[in-house]
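Model, not experiment: these values are computed from the prediction.
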Amino acid sequence: MTTHPTSPDHGTVPTRTLGSGDAALTVSALGLGCMGMSEFYGTGDESEATRTIHRALDLGGTFLDTADMYGPFTNERLVGAAIASSSQGRDGVQLATKFGNERLPDGTRVGVNGHPDYVRRACDASLERLGVDVIDLYYQHRVDKDVPIEETVGAMKELVEAGKVRFLGLSEASAATIRRAHAVHPITALQTEYSLFTRDIEDEIVPTLRELGIGLVPYSPLGRGLLTGAITSADTLAADDSRRSAYFPRFHGEALDTNLALVAKVRELAAPRGATPGQLALAWVLAQQTDDLGVAPIPGTKRVAYLEENLGSLAVTLDADDLAALETAVPRDAVVGERYGDMSTIDA
């Protein structure tokens, strides 16, 4: 293992390609998930969030991820304003957003919506909030099980043809759904949860992505923060942090105790190399890239210091022995607790 886990210099983050052929999109190898800047993980600080986005862009972390439902709606405005006020502006940014988890302005959840007319309205609203003319990567956030995927992706295809969207993606879609969607219009990337703590996509979904030439964008590559080592008990989290709720079973009781013991093993492997457990865990995800699978994780943070720590993972090079050691320390089925308390919206 080679480790020099410091933040990259200005503009030095390498790139990776998601998708293939005409659906290929080049992005920074490590992106930035912006959700927590506006909701779910405690109270946000818009000024610090903006500084974090600016720092990411300055360092070459140009792949930014948001969604209309974050806030709701406020995260897209924050991200759009931060891009506009950055030193480089819109040029060179790979901007991704999502539709499908329908919410009202007061936060009420309406449900999953994949109807074509909603797809069109949602895209126009996102473009306005982001303050841009085109979205680089537009995802269906969750699969609407009551609407044939062909109809939803058909409407998304129209957005590409209209010049409002450059590339299409899915989130949390099953292998069968991915195939059906890809037959309507080439899919550039699947965004789904993937980390040392969540590896079920390796059975059917990853082989499907490789076969079809679709990229993988892992969200929560740090196990919703558990793999950073910064969480030592439920009390570590702010009172308004959603991870304290029953919706995230891995953060409670005996499940949390077991999962923190696994994090301790990652820390033991990271310490002699001068890396943090989070950097080692991110390096593992980055190492899942192959010749036929582009992988660009999007760890989320709302602070510059954590952004720079995450980017340090790019300097951690893992060989086969290192990967084996990590997978022995954290066996695939060792994590306790479902990743969501309600898995009904996950396509299976």
Side-chain angles (χ1 to χ4, degrees), residues 5 7 30-45 48-49 52 56 65 70 75 192-200 218-286 297-313 316 325-343:
S7 177
L30 204 67
L32 174 61
C34 300
M35 179 190 76
M37 297 175 178
S38 300
E39 194 178 15
F40 301 118
Y41 291 171
T43 303
D45 179 334
E48 178 65 11
T52 301
D65 184 88
Y70 301 157
N75 194 246
T192 196
E193 187 169 351
Y194 187 50
S195 71
L196 275 170
F197 271 16
T198 300
R199 297 177 56 189
D200 53 292
Y219 77 82
S220 295
L222 291 169
R224 302 187 184 278
L226 276 174
L227 283 160
T228 66
I231 298 170
T232 56
S233 70
D235 293 335
T236 307
L237 302 171
D240 58 348
D241 192 310
S242 64
R243 290 170 291 184
R244 296 188 68 146
S245 73
Y247 195 68
F248 295 106
R250 293 179 176 178
F251 288 82
H252 298 279
E254 293 182 3
L256 180 61
D257 293 340
T258 299
N259 297 334
L260 289 178
L262 296 172
V263 176
K265 293 181 180 180
V266 178
R267 185 190 300 277
E268 289 174 5
L269 291 172
R273 299 162 173 90
T276 66
Q279 287 172 331
L280 197 59
L282 275 178
W284 180 88
V285 177
L286 288 162
I298 49 167
T301 186
K302 50 189 176 181
R303 297 183 178 88
V304 171
Y306 292 149
L307 166 77
E308 294 180 345
E309 177 182 330
N310 290 343
L311 288 171
S313 66
V316 181
L326 271 169
E327 290 163 15
T328 298
V330 185
R332 175 173 156 170
D333 298 324
V335 175
V336 176
E338 290 278 7
R339 52 197 182 98
Y340 294 114
D342 179 4
M343 294 286 287

Checklist entry - Is it true that atom OH of Y340 has more than 12 heavy atoms of other residues, nucleotides or ligands lying nearer than 6.0 Å? => result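 Yes, OH of Y340 has more than 12 neighbouring heavy atoms, counting only those of other groups under 6.0 Å.
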Item to check | salt bridge (charged side-chain N to carboxylate O under 4.0 Å, His left out) partners of R244, counting only residues at least two apart | outcome: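 Per chain and number, R244 pairs via salt bridge (charged side-chain N to carboxylate O under 4.0 Å, His left out) with D235.
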Next on the checklist: Under the rule for side-chain contact (heavy atoms from CB on, under 4.5 Å), what residues qualify as partners of R267, not counting sequence neighbours?
Outcome noted: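 Per chain and number, R267 pairs via side-chain contact (heavy atoms from CB on, under 4.5 Å) with P277.
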Checklist entry - Out of E48, E309, M37, which one pairs with R303 under the side-chain contact (heavy atoms from CB on, under 4.5 Å) rule? => result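 Exactly one candidate clears the test, E48.
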Checklist entry - What pairs of residues pass the side chain to side chain donor-acceptor pair (under 3.5 Å) test when at least one of them lies in residues 246-257, not counting sequence neighbours? => result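 Counting only pairs at least two positions apart or across chains, the side chain to side chain donor-acceptor pair (under 3.5 Å) contacts touching residues 246-257 are T198-R250.
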What are the two closest heavy atoms between [X] and [Y], and how far apart are they?
X    : Y    : value
A56  : L307 : N-CD2, 3.4 Å
P221 : L227 : O-CD1, 4.1 Å
L269 : A325 : CD1-O, 3.8 Å
L226 : V263 : O-CG2, 3.3 Å

Item to check | Any M35 side-chain heavy atom under 4.5 Å of Y41 side chain | outcome: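 SC-SC contact between M35 and Y41 confirmed.
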Checklist entry - So do D200 and Y194 actually touch side chain to side chain, heavy atoms under 4.5 Å? => result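 SC-SC contact between Y194 and D200 ruled out.
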Checklist entry - Do N310 and T301 get their side chains close enough for a donor-acceptor pair, meaning under 3.5 Å? => result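 Judged by distance alone, the side chains do not pair up.
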At what distance, to the nearest 0.5 angstrom, does [atom1] of [X] lie from [atom2] of [Y]?
X    : Y    : atom1 : atom2 : answer
L196 : K265 : CG    : NZ    : 12.5 Å
S245 : F40  : OG    : CZ    : 10.0 Å
L32  : D65  : CG    : CG    : 8.5 Å

